[in-house]
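Lettering of chains follows the sequences in order, A, B, ..., and the numbering in each one begins at 1. What you see is a predicted model, and the numbers here were worked out from it, not measured in a lab.
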Amino acid sequence: MKVRTRFAPSPTGMLHIGGARTALFSWLYARHHGGEFVLRIEDTDRERSTEEATQVILDGLSWLGLDWDEPPVFQHARQAEHILAVEQLLEEGHAYRCYCTREELDAMRDEQRARGEKPKYDGRCRHRSDRPADMPYVVRFRSPDIGQTVVRDKVLGDVVFDNAELDDLILLRSDGTPTYNLAVVADDAAMGITHVVRGSDHLNNTPRQIQLYEALGLPVPSFAHIPLIHGPDGAKMSKRHGAVAVTEYRDKGYLADALVNYLARLGWSHGDEEVFSREQLIELFDLAQVGKTAARFDQQKLDWLNAVYLRQAAPASLQEDVRRFLGVPTDGGPELSQVIAVLQERSKSLVELADGARFFYQAPTHYDEKAVRKHFRDTTWPLLASFIERLEAMGASFSGEAAHAAIREICEAAGVGMGKLAQPVRILLSGGPVSPPIDQTLALLGREEALQRIRRGIERLHTA
RNA sequence: GCUCCCAUCGUCUAGCGGUCCAGGACGUCGCCCUCUCACGGCGAAAACAGGGGUUCGAGUCCCCUUGGGAGUACCA
């Protein structure tokens, strides 16, 4: 049987990191087995669901490269089918009408809690045969009260639930709309889902859903409940932890491949390896290698991976993104891909890379004070003057190597280390104490521009 | 409270009864490289939650405790 998995987000907010990983695992499983991956938007909560949120989620998945094979199914649109399923259950005696009021139910639960019991609907309407026309009712599932239901989970193994623990859940609200567990079962069955891969927060729903499949006479799919992602403090991932929306990672300059790789390694592993291309992930991923323990989100490791991907990337492939983060025009300046090439091994995000690239296209308007204090002495000026002379003399023979040699020779002659001149030059060129190697920086900037910046810098700093 | 899940370095993890005085990676700390920042190289510190079993032998199996987490809605 062809594997078919789905990702079923509710469009009530961002696509967050946890959801993204669930989607990733589901997607990887399908791709690994040559199956299909589809989407279902669980928009049955009309109050909280928005079209914008749906779009944000789809954008997030697209950015991560998690492609889906069919147009997304909107759960709300399938309401008629859900109701049909409830009617079937009603007819076959698997469901019944419950006329209990909220007050009544609250009171019942309070009592149970007071007795130290797990709050459960006690089934008081199960045998009610009258149908008072003027009273609102919900439809409940008549769940078996003896025996056990076992979830054969691909990640957790067999999980056994006593049926007595499971109460008669509501299938249809008093306003006639279907509830989550019913809708999920009806939809997963209708969509031909063979493997339900989802967060382990759904594990407790699973026995109920299995019972529904059985009552409905539908084939029960395989389940895989993957561990949740916790925040750095071990608690549930939330807004408190800064970035939770995948779009925030995109905006902060992370590469989709890096995030995918990081997310994959959160809970899944393949021996001692850390870096996996998308193709490798598809080839190697399987549920058997997924661990059972919740993982904490580690920003630093993501940063490292992002840096790895940044370093490996072809400069040209980064150009468009860098341009966006750069925010200044690049015409007239050095070739952007060359600037990227010298910066990619010294950046851990696209934002950092763009920050490091900016001075190539925009002469410094001020100089880092601390750096100036540290690197400019009385002895600095003659060195700079010599360097200017050498640059002027170079003319067309100018090159990074030539400039580098000039610096070295000037410093040797003065009996000082190269840093005594290289650092001041760097500050004058870039405005700060950090840049790519001085020879490369000079080469990219070009002789004229370099001279201009050095002269201007001397004017501004030497008189001050 | 009750039900369910989980438990190896700070973090992600390898380990699927003996080859583990527990391996890798991130991070941290040294040293090297060096014109800055990085990269890279070398090295170090750092873990089987506790207690009982089972077994010739347990990080690996079982139980308990402890600690985390999830669920417990006419939300999804």
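Listed nucleotides C74(B), C12(B), G69(B) differ in distance to His230(A); the shortest reach to its side chain belongs to G69(B). The side chain of His404(A) lies closest to C35(B), out of C4(B), C35(B), A7(B). Checked against C35(B), C26(B), C74(B), the side chain of Asp298(A) finds its nearest nucleotide in C26(B). Listed candidates were G24(B), C35(B), C74(B). Nearest to the side chain of Pro437(A) is C35(B). The side chain of Glu274(A) approaches G24(B) more closely than any other nucleotide in the set C6(B), C35(B), G24(B). In the set C39(B), C37(B), C6(B), the nucleotide with an atom closest to the side chain of Leu156(A) is C6(B). Closest approach to the Lys301(A) side chain among C74(B), U36(B), C26(B) is made by C26(B) (side chain taken as heavy atoms from C-beta onward). Closest to the Asp272(A) side chain, of the nucleotides U36(B), G24(B), G27(B), is G24(B). Checking U3(B), A70(B), C35(B) against every side-chain atom of Asp201(A), the shortest atom distance belongs to A70(B). With distances taken from any side-chain atom of Arg140(A) to the nucleotides C74(B), A76(B), C6(B), the minimum falls on C74(B).
Across G15(B) and U54(B), the matching P atoms stand 28 Å from one another, rounded to whole Å. Separation of the C1' atoms belonging to C42(B) and A49(B) is 34 Å when rounded to the nearest angstrom. Spacing of P atoms, C48(B) relative to G23(B), comes out at 13 Å, to the nearest Å. When the C1' atom is compared between C61(B) and G40(B), the two are found 45 Å apart, to the nearest whole Å. Using atom P as the reference point in both C12(B) and A47(B), the two lie 16 Å apart (nearest Å). When the C1' atom is compared between G43(B) and U36(B), the two are found 25 Å apart, to the nearest whole Å. Comparing the same atom, P, in C6(B) and in C62(B) gives a spacing of 10 Å after rounding to whole Å. When the P atom is used for both U65(B) and C26(B), the distance is 40 Å, rounded to whole Å.
At the heavy-atom level, Val159(A) lies under 4.0 Å from the strands shown only through sugar-phosphate atoms. Here His375(A) lies out of heavy-atom contact (under 4.0 Å) with every strand. Across all strands shown, Asp43(A) has no heavy atoms under 4.0 Å from either base or sugar-phosphate atoms. Thr44(A) comes within 4.0 angstrom of sugar-phosphate atoms only, judged by non-hydrogen atoms across all strands, and of no base. Residue-level contact check: Pro436(A) touches the bases, meaning some heavy atom is under 4.0 Å from a base atom. Across all strands, Gln75(A) comes closer than 4.0 Å only to sugar-phosphate atoms, never to a base (heavy-atom distances). Contacts of Glu345(A) with the nucleic acid, taken as non-hydrogen atoms under 4.0 Å apart, include base atoms. Across all strands shown, Arg115(A) has no heavy atoms under 4.0 Å from either base or sugar-phosphate atoms. Using a 4.0 Å heavy-atom criterion, one finds that Asp439(A) contacts the bases of the nucleic acid, with or without backbone contacts as well. In this structure, Cys100(A) reaches the bases: a heavy-atom distance under 4.0 Å links it to at least one base atom across the strands shown. If you check every strand for non-hydrogen atoms under 4.0 Å, Gly356(A) touches nothing. If you check every strand for non-hydrogen atoms under 4.0 Å, Ser174(A) touches a base. Within 4.0 Å of Ile438(A), counting heavy atoms only, lies at least one base atom of the nucleic acid.
A heavy-atom distance below 4.0 Å to RNA chain B is reached by these residues of residues 45-58 of chain A, ordered by number: Asp45(A), Arg48(A). Interface residues of residues 255-266 of chain A facing RNA chain B, ordered by number: Arg265(A), Leu266(A); criterion, heavy-atom separation under 4.0 Å.
Residue Arg296(A) has no polar side-chain atom (N or O) positioned under 4.0 Å from OP1 or OP2 of G68(B). Remark: Ser269(A) is in phosphate contact with A14(B), judged by side-chain N or O atoms under 4.0 Å from OP1 or OP2. Between Lys118(A) and U3(B) there is no side-chain polar atom (N or O) within less than 4.0 angstrom of OP1 or OP2.
Between Asp167(A) and Arg208(A) there is a salt bridge, with a side-chain nitrogen of the basic residue lying less than 4.0 Å from a carboxylate oxygen of the acidic one. A salt bridge does not link Asp188(A) to Arg198(A): none of the charged side-chain nitrogens sits closer than 4.0 Å to a carboxylate oxygen.
Figure legend: cation-pi geometry between Arg447(A) and Phe398(A) absent, as NZ or CZ is not positioned both under 6.0 Å from the six-membered ring centre and within 45° of its axis. Cation-pi check for Arg21(A) over Phe25(A) is met; the charged atom lies under 6.0 angstrom from the ring centroid and within 45 degrees of its normal.
For C39(B), the base has no donor-acceptor partner in the side chain of Arg346(A) [N/O atoms by modelled type, under 3.5 angstrom]. For Lys292(A) against C5(B), no side-chain N or O and base N or O form a donor-acceptor pair under 3.5 Å.
Using a 4.5 Å cut-off on side-chain heavy atoms (C-beta onward), Val197(A) and Phe7(A) make no contact. At a threshold of 4.5 Å between non-hydrogen side-chain atoms, the residues Gln338(A) and Pro315(A) do not count as touching. Between Phe161(A) and Thr206(A), every side-chain heavy-atom pair lies at or beyond the 4.5 Å cut-off.
Within the structure, side-chain hydrogen bond (donor to acceptor under 3.5 Å, both in side chains) contacts touching residues 146-156 of chain A (residues at least two apart or in different chains) are Gln148(A)-Asp162(A), Thr149(A)-Asn163(A), Thr149(A)-Gln211(A), Arg152(A)-Asp158(A), Asp153(A)-His225(A).
Residue order along RNA chain B, read from the 5' end via each residue's closest nucleotide, puts Gly271(A) first among Ser347(A) and Gly271(A). Mapping Thr177(A) and Gln289(A) onto RNA chain B by nearest heavy atom places Gln289(A) closer to the 5' end of the strand.
Of the candidates Thr54(A), Ile57(A), Leu61(A), Leu61(A) is the only one forming a side-chain contact (heavy atoms from CB on, under 4.5 Å) with Leu39(A).
In this structure, CG of Asp286(A) is placed 18 Å from P of C16(B), rounded to the nearest angstrom.
Base pairing of C16(B) is not made with any nucleotide, judged by Watson-Crick or G-U wobble geometry with both donor-acceptor distances under 3.5 Å. In a base pair of the Watson-Crick type (N1 to N3 plus N6-O4 or O6-N4) or a G-U wobble (N1-O2 and O6-N3), with each distance short of 3.5 Å, G43(B) is matched with C29(B). Nucleotide U60(B) forms a pair with no other nucleotide shown, judged by Watson-Crick or G-U wobble geometry with both contacts under 3.5 Å. Under the Watson-Crick and G-U wobble criteria, each requiring two contacts below 3.5 Å, nucleotide U55(B) is left unpaired. Base-pair partner of C4(B): G69(B) (Watson-Crick or G-U wobble, both distances under 3.5 Å).
Side-chain N/O atoms of Arg78(A) and Gln75(A) include no donor and acceptor closer than 3.5 Å.
Side chain of Asn261(A) to backbone of Glu274(A): a donor-acceptor contact under 3.5 angstrom is found. For Gln344(A) (side chain) and Ala313(A) (main-chain N/O), a donor-acceptor pair under 3.5 Å exists by modelled atom type. Of the possible donor and acceptor atoms, none in the side chain of Ser10(A) sits under 3.5 Å from a partner among the backbone N and O of Thr12(A).
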Does the side chain to side chain donor-acceptor pair (under 3.5 Å) test come out yes or no for Asp168(A) and Tyr96(A), once each step is laid out?
-> CA-CA 9 Å; Asp168(A) 293 350; Tyr96(A) 61 94; 2.6 Å; yes
